[in-house]
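Throughout, protein chains are lettered first and strands after them, A, B, ... in sequence-line order, and every chain is numbered starting at 1.
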Amino acid sequence: MTFTIPTDIRRLDPQAVAAESDQIKKNAHIQYLAQENRVDVLDLLHDKGTGHWGGSSSVSEILTTLYFDGMNIRPDEPEWADRDRVVISKGHAAPMIYTVMAKRGYFPVEELDSLRQINSRLQGHPCMRKLPGVELSTGALGHGISVCTGIALASNLQKRETWTWCIVGEGCLNEGESWEGIMTAAKFKTNRFVVLVDHNKVQLDGPCDDIMPLGSLADKFRAFGFTVADHSYDGHDVNAIQESLAWAKSNDTSGPLCIIYDTHKGHGVDFMSDNYKWHGAPIGVDDYQSARPQLVETLKELEASL
Amino acid sequence: MSTTTAPQKIALRDAFGAGLVELGKTNEQLVALDADVSSSCKTAAFGAAYPDRFFNCGVGEANMVDIAAGLALGGQRPVCSTFALFLVLKGAEQIRNTVCYNKLPVIIAGGYGGLSDSYDGASHQSLTDIAVMRSLPNMTVVVPGDANGVQHALEQGLEMDGPLYLRLSRNPTPVYSNTCSEPLTIGKIRRLRSGSDITIAVCGVVTNQTLEAVDILDQQGVSAELLEVHTLKPFDTETLIASVAKTGRILTVEEHNVIGGLAGAVAECTAQHHPVPMKTIGVQDCFTESGDYDELLDKYGLSTQNIVAKAKELLS
């Protein structure tokens, strides 16, 4: 089977979205593009029969907003020293990461067809040595916060103005290393370092409250020395995400920051949303045929606001 | 090496600490990290000299390795130090998945290697680190035996395009290489003695006992060739095979479990390229114990007398 980007939905020109100067229009376009990405990931995972849908869908708006507006990046110059960096510590969101990166111009969209296949640059979990633009190979959970603390320390030491963003899920926060990293970032007061929690409340084996309750994340981050946004944000609403990024950027000397996003694992499909069974299960024909029209319907609703 | 005056003694950890401070003067990218043992592992002096470039990460080795990786990604040259046992085993997944998988230029400096944290006992004695580090793709593994070796390995490691595991040791130990014509060069076996009857391969501070053993064997009419295999990976196959082709037998001496370390590396090499009879000296796959360092080395077979005896067994 060969995956090709389907043409049955209206497609935005991603470069035009990135270049849009009218912020209201741009946010609407990012919102649409994030849903378009969701359709593309569903199609891709159904076609390949492998890959993680739940956590990919969950993080679509956050990633799309960062890559298309939030970060100072040069996709044609991925090693640019003064770029902002995002590490997606929940590396199983790879299909969404790749879809967003391809559209942002890091590599040809056609290459998505090689996802998880032999000799591909698109490994099951992102590999920075294979795919330029990936800031860190992730997949094993719990590395992102520590590594980003190191990246931010280097940036601070070199007196650069760059930002370091780290996206984590609950699985990452189950890992003790994450909390060691949080303590370390707080100790060294790393500026322009932001942990973004994709708080979808579901992990591989079940609801987080059944597997490993995390309690009040905001209180925990605060107790560990982070400055935490005073409320959580809707992680599927681009306007809300933009507000959260603006909050972070107005706190560029406050030491490490944390933003918690309320999200839904498998968002956009009623029988997949918030259901741990769709963490990484293959998407068979019947489920695909039930799921896709739901995503497309939402896309058509968003089209009205373009 | 058969000088009558005893060579100067310097602990590898002191050479490491002094080397960092010296290199830090000119290498502004150099940063050091420790896990609450900087006074023991001697990174504290670097911290005092360059406080902005020193990160004491507390007792969290896994986190420290990843912080170091992040600093490397950000353009620094990190040296990450704590007791070898905790660094290698508590940090193993980070060393593999972050440092090695991404081929990051991080020096993993394992202090108190082997039995050298002698009184603290088995919980602190690192006898599996070489095996673990050797099995990771992209990792270079160096086990210096004296202060000069540490200095040279550090200098070369900071120029490498990838990670280095540098195994250190606690106690003052003779600087045997003062009389060597060549410095430690990563990747190249150093021949400390030429001989024709038997090859002895050694790494680390037990090179001293092995040098003494070679002298005794010489007095007894046995011509031993002593190879300092300070670099366990990448392995210098050519030099080792040239030696065993000449002597026809090999004895390995290491302050490590006999599984997976120097014995393993030598056996993998000779078995494929030039099989010869072989014996191994090292800790025999057991948990060790507290005690005086020299007494422990003796008990676990790393004495001059045992090296002489095992060499003779191999010759008989």
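At a 4.5 Å heavy-atom cutoff, the contact between B/E93 and chain A is made by backbone and side-chain atoms alike.
The interface of residues 169-190 of chain A with chain B, defined by heavy-atom distances below 4.5 Å, comprises A/E177, A/E180, A/G181, A/T184, A/K187, A/F188. Residues of residues 62-85 of chain A lying within less than 4.5 angstrom of chain B, judged on heavy atoms, are A/R85 in numerical order. Of all residues in residues 146-160 of chain A, those placing a non-hydrogen atom less than 4.5 angstrom from a non-hydrogen atom of chain B are A/S146, A/V147, A/T149, A/G150, A/I151, A/L153, A/A154, A/L157, A/Q158.
Annotation: B/E28, atom CD; neighbour count of heavy atoms from other residues, nucleotides and ligands within 6.0 Å does not exceed 12. Around CE of A/M212, the count of heavy atoms belonging to other residues, nucleotides or ligands within 6.0 Å does not exceed 12. By the neighbour-count criterion of 12 heavy atoms within 6.0 Å, atom NZ of A/K130 is sparsely surrounded, having that number or fewer from other residues, nucleotides or ligands. Crowding of A/Q117 atom CD: a count of heavy atoms from other residues, nucleotides or ligands under 6.0 Å exceeding 12. Environment of CZ in A/R104: crowded, with over 12 heavy atoms of neighbouring residues, nucleotides or ligands closer than 6.0 Å.
Considering every non-hydrogen atom in both A/M128 and B/N102, the closest pair reads CG-OD1, 3.1 Å.
By number of non-hydrogen pairs under 4.5 angstrom with chain A, the leading residue of B/V59, B/D52, B/N56 is B/N56. Considering only heavy-atom pairs separated by less than 4.5 Å from chain A, the leading option among B/A62, B/A69, B/C57 is B/A62.
With contacts defined as side-chain heavy-atom distances shorter than 4.5 Å, the pair A/H143/B/V65 does not qualify.
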Show the atom names and distances, to 0.1 Å, of all donor-acceptor pairs under 3.5 Å that link a side chain in residues 31-40 of chain B to residues at least two apart or in another chain.
| from | atom 1 | to | atom 2 | distance (Å) |
| --- | --- | --- | --- | --- |
| B/D34 | OD1 | B/V37 | N | 3.4 |
| B/D34 | OD2 | B/T43 | OG1 | 2.6 |
| B/D34 | OD2 | B/S81 | OG | 3.2 |

